[in-house]
Amino acid sequence: MSVLIAPSLLSADFSALGEAISAVERGGADLIHVDVMDGHFVPNITIGPPVVRSIKRVTKVPLDVHLMITDPDRYIEAFAEAGAAMMSVHVEVLPHLHRTVHAIQDLGVKAGVVINPSTPVVLLESIAPDVDYVLVMSVNPGFGGQSFIPRSESKVRDVRALLDRVSNPAPVEIDGGIDIRNVGRVVSAGARMIVAGSAIFHTSDPERATRELKSAALAAVSSPAVR
Ligand code: DX5
Ligand code: ZN
């Protein structure tokens with residue numbers, strides 16, 4: 001893996017998700033990022049397993065399902081059955097994170113753990129050897145189109161260092177406020193899965209926006225650190 005681009009459907013036109021998915025797949029999307037919100041953990045409400053099942057039918061690349069819900073344990077099986085290839089859960093809501101991560105993996109789904117901007121990296125220390133990826137939120141979750149929180153760049157670096165320390169090659173994903181201007185910096189910091197919503201779907205040409213974001217991300221992998 002070099003860098004994977006994961007367009008977030010949250011900023012797409014929900015009446016035409018199939019077309020949105022085809023466009024970004026033509027542009028080179030490696031994953032489709034699906035944001036699930038319950039109106040409790042975050043103020044917004046989005047979609048559940050039936051919609052994920054429909055999306056799965058028209059998607060060629062793996063579905064990366066980001067659960068922003070207070071009780072993910074109740075729903076992981078339903079999202080796995082609906083077609084999630086990857087599922088991430090927030091450390092902030094899970095007192096038994098180890099059990100949840102393994103429950104996701106037992107369903108044949110890659111398990112990711114997410115930290116909010118105010119959540120310290122140290123909370124990942126004991127779970128780091130078990131995860132398939134770590135998602136660093138670079139905005140407070142709930143809405144698309146927010147500004148990137150600059151401190152997230154060093155957080156990506158710290159998470160990468162933690163995973164390296166426990167010899168886990170799991171990639172770091174970043175989500176929130178990513179665009180063509182800052183993608184190079186987060187890739188240089190160690191991010192290898194890039195979520196982008198508004199930078200792709202709030203443009204006149206999501207296919208081209210995906211392609212451009214991907215080439216900017218790939219350029220940063222092969223060039224020395226951009227600071
Ligand atoms: C925010 C979601 C993100 C969102 C990102 O809570 O988790 O995936 O869609 O949107 P942008 O890229 O517009 O910040
Ligand atoms: Zn997300």
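All ligand and atom numbering here is 1-based and tracks the order in the structure. Throughout, residue positions are numbered sequentially from 1 according to the sequence presented.
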Point to revise | First-shell residues of ligand 1 [heavy atom, distance under 4.0 Å] | key: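 S8, L10, H33, D35, M37, H66, M68, M137, P141, G142, F143, G144, G145, D175, G176, G177, V195, A196, G197, S198.
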Review point. Charged N to carboxylate O below 4.0 Å: is that the case for K214 and D30?
Key: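 The answer is yes: the pair qualifies as a salt bridge.
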Revision key, fill the gap. Taking the Zn ion (ligand 2) as the apex, D35 OD1 and D175 OD2 span an angle, rounded to 10°, of 170°
Check your understanding: Rounded to 10°, how big is the angle at the Zn ion (ligand 2) from H66 ND1 to H33 NE2?
Key ->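 ND1 of H66, the Zn ion (ligand 2) and NE2 of H33 span an angle of about 100°.
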Compare all side-chain heavy atoms of [X] with those of [Y] and state whether any distance is below 4.5 angstrom.
X    : Y    : result
F201 : L9   : yes
P72  : L94  : yes
D64  : L4   : no
I104 : L107 : no
H66  : M137 : yes

Exercise for review: Can you tell me which residue pairs pass the salt bridge (charged side-chain N to carboxylate O under 4.0 Å, His left out) test with a partner in residues 161-179, sequence neighbours excluded?
Suggested key: R160-D164, D179-R181
